[in-house]
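Let me begin by presenting the structure, written as structure tokens, before commenting on it.
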Amino acid sequence: MDNRALIRAFRLAASLLELHDENPFKIRAYEGTAAALERLEFPVAEVERTGLPDRTGLSKTAAARVAEMLDTGTFEELTRLLSITPPGVVEMLNIKGIGPKKIRMLWRELGVESSDALRAAAERDEVSKLKGFGKKTQDAILQALEFSDQSRGKLLYPQAEELAKDLVVRLQEALFTESVAVAGEVRRRLEVVENVVLVAATAQPEKAHKLLNSLDGLTADPLRSGPFAWRGTATTSGVKVEVLLVAKDDFTNQLFLLTGAEAHLSEIFVPQAAHGQPATLRQLLKKERFYQETAIYEKAGLQYVEPELREGLGELALAKEHKLPKLLEDADLRGSVHNHSNYSDGAHTLRQMAEFLRDEGYEYLGICDHSQAAHYANGLSPERVHQQQHEIDELNKELAPFRIFKGIESDILGDGALDYQPTVLASFDFVVASVHSNLKMDEARATTRLLRAIENPYCTMLGHPTGRLLLRREGYPIDYKAVIDACAQHEVVIEINANPWRLDLDWRWVRYALDQGVKLSINPDAHHTTGYADMRYGVFMGRKGGLTKEMTFNAMSREEVAAYFAQRKAKIKPAEEFKTTLF
DNA sequence: GCCGTTTTCGGCCCGACTGTTTTCAGTCG
């Protein structure tokens with residue numbers, strides 16, 4: 001059991017206590033346990049049980065509950081709470097916008113015991129009549145239910161990749177072949193996956209069927225399957241799984257056909273093709289058998305198209321002209337600039353965050369803890385900013401040539417102002433500006449808010465532009481063009497937040513940003529040393545949008561980044577000159 | 001439930017925002 005499972009269990013217990021109207025301080029205690037676990041930087045499961053209180057800082061009773069979880073998968077209080085709560089009501093806790101207290105009302109007053117019953121009650125206009133509810137709340141509930149419906153049967157990229165890779169290994173073992181590959185959305189690195197598609201070369205497809213039918217996590221769908229295609233779903237997520245069983249000589253053709261989006265395969269790239277001559281890649285594949293994907297594009301007279309780009313969004317036109325860019329790679333990144341330490345809500349100290357990154361071979365770290373408005377995340381008061389910067393100076397002396405840049409993730413307040421006065425903002429090497437509150441603005445207001453932040457001379461970089469959490473919450477709507485244009489005008493870098501829940505800026509806007517000359521930064525937003533690894537997802541998104549090393553902010557060297565920050569700060573006029581207009 | 005003692009129980013306690021209210025409760029990050 002990993003720490004996250006523990007944290008989830010304690011959060012659930014806290015919600016259930018609240019649902020059952022128990023002592024608020026008891027609730028806070030459970031939340032406190034979850035928060036304490038979140039800050040830990042080691043797997044609790046590996047700690048000697050008797051050492052738990054000392055190692056975790058938890059109270060004896062909380063530590064005992066953690067131990068119980070580790071040994072039995074649950075703890076007594078949680079079991080009790082679950083036993084007095086209908087499963088459908090527990091599930092309702094996941095609905096955005098309503099919390100335990102509103103759910104209690106719905107349950108007690110309307111007898112609603114499931115999401116479906118809730119939807120029915122809302123559609124009958126019964127919810128809006130409850131005390132404390134209203135028309136808007138009812139509509140918000142229906143909208144949230146709609147969103148969670150849409151999220152069903154989908155996985156974030158990392159989970160989809162893990163599932164796909166696991167199946168590849170099992171099929172390779174069962175079929176005694178290396179020729180099993182991931183295709184489809186996972187190979188194209190889509191941020192959300194609905195279909196996990198694999199291709200396996202085998203002369204014994206029945207062996208593959210037998211294996212796939214026997215796997216615990218999969219549910220077969222015989223109606224959609226056939227002798228050469230196993231289809232079903234991953235049981236818990238409901239995501240579709242498809243395994244095509246093909247002859248060895250057909251492997252490359254099938255892999256290719258199952259990788260590209262339909263628009264890529266069926267786009268006419270030879271407008272004047274003679275009769276019978278292939279005009280699309282699909283037609284070419286029908287005529288000829290290939291053994292390497294590079295040979296397919298070569299035969300078509302096209303530049304090789306990386307799987308990430310095979311979306312049918314204009315890449316073939318570029319490939320025809322041999323103008324596809326050389327895409328960014330993991331190894332091009334030389335530092336990481338939006339990360340948290342335990343000064344705010346991160347798990348690790350400045351030193352730990354820096355040494356880990358240095359030992360991974362990177363040249364610099366940008367620390368951007370939360371600003372003072374982010375109370376929930378232990379945002380830094382000006383005094384603590386000062387203290388942190390002093391500590392960074394000391395560490396920089398010791399760790400040189402590795403360098404920590406002094407940043408901040410400054411909240412963009414409701415009116416678009418940055419958190420902190422100019423004198424404080426001026427003390428940072430750079431400022432990442434992000435929205436964390438009041439996420440329900442309409443497009444006009446949300447855009448104006450961002451534009452105002454971008455115009456602020458202290459804004460170096462725009463953080464997660466829409467605030468979206470994939471499969472969990474829609475971002476606030478923004479006018480992408482206006483935001484990107486403003487970033488171009490004010491030389492503000494846009495981050496591709498590499499956290500797999502965010503992947504924001506959306507890759508579909510990367511090309512537009514690049515065309516406007518906006519540099520992008522692959523930012524893991526790490527709250528833990530393990531979080532740096534998320535940068536690879538950000539690289540995938542950049543690649544999908546055609547991002548190159550040259551246009552990637554954190555592909556710059558330490559010296560280049562230092563020079564960039566210094567030059568940008570030098571351009572800021574003295575605070576008094578814009579004070580009246582901006583603050 | 002946890003802390004910290006006035007050592008046996010009282011105090012603990014985010015702020016902004018929204019939507020519901022007519023003075024506030026619930027939710028969120």
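Just so we're on the same page: letters track the sequence lines, and every chain starts at 1.
Between A:Ser521 and A:Asn554, the closest heavy-atom pair is OG-OD1, 3.6 Å. Annotation for A:Arg449 and A:Leu413: closest pair NE-O, 3.0 Å, computed over non-hydrogen atoms.
Side-chain nitrogen and oxygen atoms of A:Ser59 include at least one within less than 4.0 Å of the OP1 or OP2 phosphate oxygen of B:dC2. Taking 4.0 angstrom as the limit, A:Thr137 places none of its side-chain polar atoms (N or O) nearer than this to OP1 or OP2 of B:dT18. Within the structure, every side-chain polar atom (N or O) of A:Arg104 is placed at least 4.0 Å from both OP1 and OP2 of B:dG26.
Across all strands, A:Lys96 comes closer than 4.0 Å only to sugar-phosphate atoms, never to a base (heavy-atom distances). Residue-level contact check: A:Pro100 touches the backbone only, with heavy atoms under 4.0 Å from sugar-phosphate atoms and none from bases. Using a 4.0 Å heavy-atom cutoff across all strands shown, A:Thr33 reaches no nucleic acid atom at all. Heavy atoms of A:Ile98 sit under 4.0 angstrom from primed sugar atoms or phosphate atoms, though from no base atom. Contact annotation for A:Gly414: no contact, since no heavy-atom pair falls under 4.0 Å across all strands.
Atom-to-atom, NE2 of A:His370 to C1' of B:dC14 comes out at 15 Å; the value is rounded to the nearest Å. Atom pair A:Glu31:CD and B:dT27:P shows a separation of 12 Å (rounding to whole Å applied). Between the CG atom of A:Asp21 and the P atom of B:dG26 there is a distance of 9 Å, rounded to whole Å. Counting to the nearest Å, the P atom of B:dG19 and the CD atom of A:Gln143 are 11 Å from each other. What separates CG of A:Leu17 from P of B:dC2 is a distance of 12 Å, to the nearest Å. Counting to the nearest Å, the P atom of B:dT18 and the NZ atom of A:Lys101 are 20 Å from each other. Taking atom CG on A:Asp419 and atom C1' on B:dG15, their separation rounds to 13 Å, with Å as the unit. Protein atom NZ of A:Lys129 is 13 Å distant from nucleotide atom P of B:dT21, rounded to whole Å.
In this structure, of B:dC28, B:dG1, B:dT27, it is B:dT27 that holds the atom nearest to the side chain of A:Lys102. Taking the side chain of A:Ala62 as heavy atoms from C-beta on, and the options B:dG1, B:dC2, B:dG19, the nearest nucleotide is B:dC2. With B:dG29, B:dC2, B:dT20 as the candidates, the nucleotide lying closest to the side chain of A:Leu439 is B:dG29. Of all nucleotides listed (B:dG29, B:dT27, B:dG1), B:dG1 comes nearest to the side chain of A:Ala29.
The aromatic rings of A:His340 and A:His527 lie parallel to each other, their planes meeting at an angle below 30°, with 60° marking the opposite boundary. Ring planes of A:His338 and A:His464: tilted class, angle from 30 to 60°.
One C1' atom belongs to B:dA25, the other to B:dT20, and the distance between them is 8 Å to the nearest Å. Taking atom C1' in both B:dC12 and B:dT5, one finds a spacing of 14 Å when rounded to whole Å. Taking atom C1' in both B:dC14 and B:dT8, the straight-line distance is 30 Å, to the nearest Å. For the P atoms, the distance from B:dG11 to B:dT18 is 35 Å, rounded to whole Å. Spacing between B:dA16 and B:dG10 at atom C1', rounded to whole Å, works out to 30 Å. Taking atom C1' on both B:dT22 and B:dC28, the two are 25 Å apart, rounded to the nearest angstrom. Going from the P atom of B:dC13 to that of B:dC3 covers 13 Å, rounded to whole Å. Using C1' as the reference atom, B:dG15 and B:dG4 are 27 Å apart when rounded to the nearest Å.
Here B:dT18 is in the anti range [glycosidic angle more than 90° from 0].
Here A:Phe25 packs flat against the base of B:dC12; its ring centre is closer than 5.5 angstrom to the base's six-membered ring, tilted by less than 30 degrees.
A:Tyr480 and A:Tyr512 have their aromatic ring centers separated by at least 6.0 angstrom. Aromatic pair A:Phe565/A:Phe428: centroids not less than 6.0 angstrom apart.
With a 3.5 Å ceiling on both atom-pair distances, B:dT8 lacks any Watson-Crick or G-U wobble partner.
Nearest-nucleotide positions on DNA chain B place A:Leu130 closer to the 5' end than the other of A:Leu130 and A:Ile95. Comparing A:Lys26 and A:Leu469 along DNA chain B, the residue whose closest nucleotide (by nearest heavy atom) sits nearer the 5' end is A:Lys26.
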After noting the C-alpha distance and the side-chain angles of A:Tyr458 and A:Tyr420, does the key distance pass the ring-ring contact (aromatic ring centres under 6.0 Å, His included) rule? CA-CA 11 Å; A:Tyr458 285 107; A:Tyr420 298 127; over 10 Å; no
